[in-house]
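Quick note: numbers below take in every heavy atom, side chains included, and nothing from hydrogens, waters or symmetry partners. Remember, predicted model here, so these are calculated numbers, not experimental data.
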Amino acid sequence: MDEELAALAGAGAVALVAAMATDLWQGTRNAFAALLNRTAGRRGRAAVEAQLDNNAALVRDAEAPAEVRRALLAFWTLELEGLLRQDPARREPLDRLVREVREAREAAAARGPLGRDGGGASGGAGHPAPAPPRLEQTNTARDSGTVFAVQGGDQPISGRDEANAQR
């Protein structure tokens with residue numbers, strides 16, 4: 001079980017770090033931020049997004065992006081292992097995200113040249129930017145229930161207590 005967890009965390013880290021500073025970054029960043037922040041508030045999400053953006057900037061601005069990616073790979077592997085130990089329910093979404101990023105990278109590589117260090121597709125002239133990872137969400141409200149759902153962003157809810165008081 002621990003080997004499986006470590007392998008999935010490593011694959012997740014590879015997907016995340018490989019997408020940094022490529023055309024796949026924005027979609028991958030948003031999907032990982034959502035995964036990492038299921039239970040965090042707005043502040044927690046902002047902190048994770050800032051960390052992801054800072055890591056991507058390190059890769060983008062580095063003289064040797066492959067070396068930066070190697071260092072970030074170790075960090076994100078440990079982070080994802082901790083996440084999976086803390087919340088095993090995130091295994092399936094992480095596994096799905098890893099597959100989607102891998103498929104997007106393969107499709108982008110088939111359409112055009114790789115980025116300057118082989119980290120991912122660059123799109124380039126005449127090559128469309130690859131689609132971000134596909135996210136799927138199913139929400140169901142029954143009886144008098146209400147669903148508040150969002151992917152890849154924040155959804156502040158206000159006035160809920162006032163609306164319930166008027167019923």
Side-chain angles (χ1 to χ4, degrees), residues 1-40 44-124 127-139 149-154:
M1 186 76 143
D2 282 339
E3 289 177 19
E4 180 183 325
L5 180 138
L8 179 56
V14 167
L16 177 65
V17 172
M20 290 178 177
T22 71
D23 291 340
L24 296 175
W25 176 240
Q26 199 59 46
T28 303
R29 170 205 181 268
N30 292 341
F32 270 91
L35 177 73
L36 294 166
N37 286 300
R38 275 190 176 171
T39 57
R45 182 175 179 101
V48 168
E49 288 174 349
Q51 182 174 16
L52 290 168
D53 289 339
N54 289 338
N55 289 173
L58 287 172
V59 172
R60 182 189 64 235
D61 298 338
E63 290 293 319
E67 291 177 26
V68 175
R69 279 194 168 97
R70 270 192 294 279
L72 291 172
L73 183 63
F75 170 78
W76 282 108
T77 298
L78 291 173
E79 285 290 311
L80 292 173
E81 281 181 13
L83 177 79
L84 294 173
R85 281 193 174 88
Q86 180 183 12
D87 185 1
R90 294 189 198 193
R91 285 182 181 194
E92 175 58 33
L94 178 58
D95 186 49
R96 185 172 48 248
L97 181 55
V98 166
R99 285 192 312 262
E100 290 169 359
V101 171
R102 184 180 301 134
E103 289 169 6
R105 287 187 73 227
E106 289 170 358
R111 284 194 305 265
L114 293 180
R116 65 183 175 129
D117 69 335
S122 62
H127 297 286
R134 186 178 69 78
L135 302 175
E136 185 175 321
Q137 180 172 336
T138 303
N139 305 295
V150 68
Q151 281 187 337
D154 292 335

Enter the distance from [X]:[atom1] to [Y]:[atom2] here, rounded to the nearest 0.5 Å.
{"X": "Leu97", "Y": "Glu92", "atom1": "CG", "atom2": "CD", "value": "11.0 Å"}
{"X": "Leu16", "Y": "Leu36", "atom1": "CG", "atom2": "CG", "value": "8.0 Å"}
{"X": "Arg90", "Y": "Asp87", "atom1": "CZ", "atom2": "CG", "value": "4.5 Å"}
{"X": "Leu58", "Y": "Asp53", "atom1": "CG", "atom2": "CG", "value": "11.0 Å"}
{"X": "Thr28", "Y": "Met20", "atom1": "OG1", "atom2": "CE", "value": "9.5 Å"}
{"X": "Gln51", "Y": "Leu72", "atom1": "CD", "atom2": "CG", "value": "9.0 Å"}

Taking the side chain as every heavy atom from C-beta outward, state whether [X] and [Y] have any atom pair closer than 4.5 Å.
{"X": "Trp25", "Y": "Asn30", "value": "no"}
{"X": "Phe32", "Y": "Val48", "value": "no"}
{"X": "Glu49", "Y": "Arg29", "value": "yes"}

Considering all heavy atoms, the nearest [X]-[Y] contact:
{"X": "Pro65", "Y": "Val59", "value": "CB-O, 3.7 Å"}
{"X": "Leu24", "Y": "Ala104", "value": "CD2-CB, 3.8 Å"}
{"X": "Val68", "Y": "Ala62", "value": "CG2-CB, 3.5 Å"}

For side chain to side chain contact (heavy atoms under 4.5 Å, CB included), just list the numbers for Val17 and Phe75, CA-CA rounded to whole Å, side-chain angles, deciding distance to a tenth of an Å, and then say yes or no. CA-CA 10 Å; Val17 172; Phe75 170 78; over 6 Å; no
Under the salt bridge (charged side-chain N to carboxylate O under 4.0 Å, His left out) test, residues paired with Arg102 that sit two or more places apart: none
May I ask you to decide if Ala21's main-chain N or O and Arg60's side chain share a donor-acceptor pair within less than 3.5 Å? no
State plainly whether the residues Arg91 and Asp95 are in salt-bridge range, i.e. N to O under 4.0 Å. no
Ion pair Arg99/Glu103, N-O distance below 4.0 Å: no
Hits for side-chain contact (heavy atoms from CB on, under 4.5 Å) against Ala71, two or more places apart or cross-chain, chain-then-number order -> none
Under the side-chain contact (heavy atoms from CB on, under 4.5 Å) test, residues paired with Val14 that sit two or more places apart: Leu73
Show every salt bridge (Lys or Arg N to Asp or Glu O under 4.0 Å) that has at least one partner inside residues 9-18, sequence neighbours left out. none
Between side-chain atoms of residues 78-86 and protein atoms elsewhere (two or more places apart, or another chain), which donor-acceptor pairs fall under 3.5 Å?
none

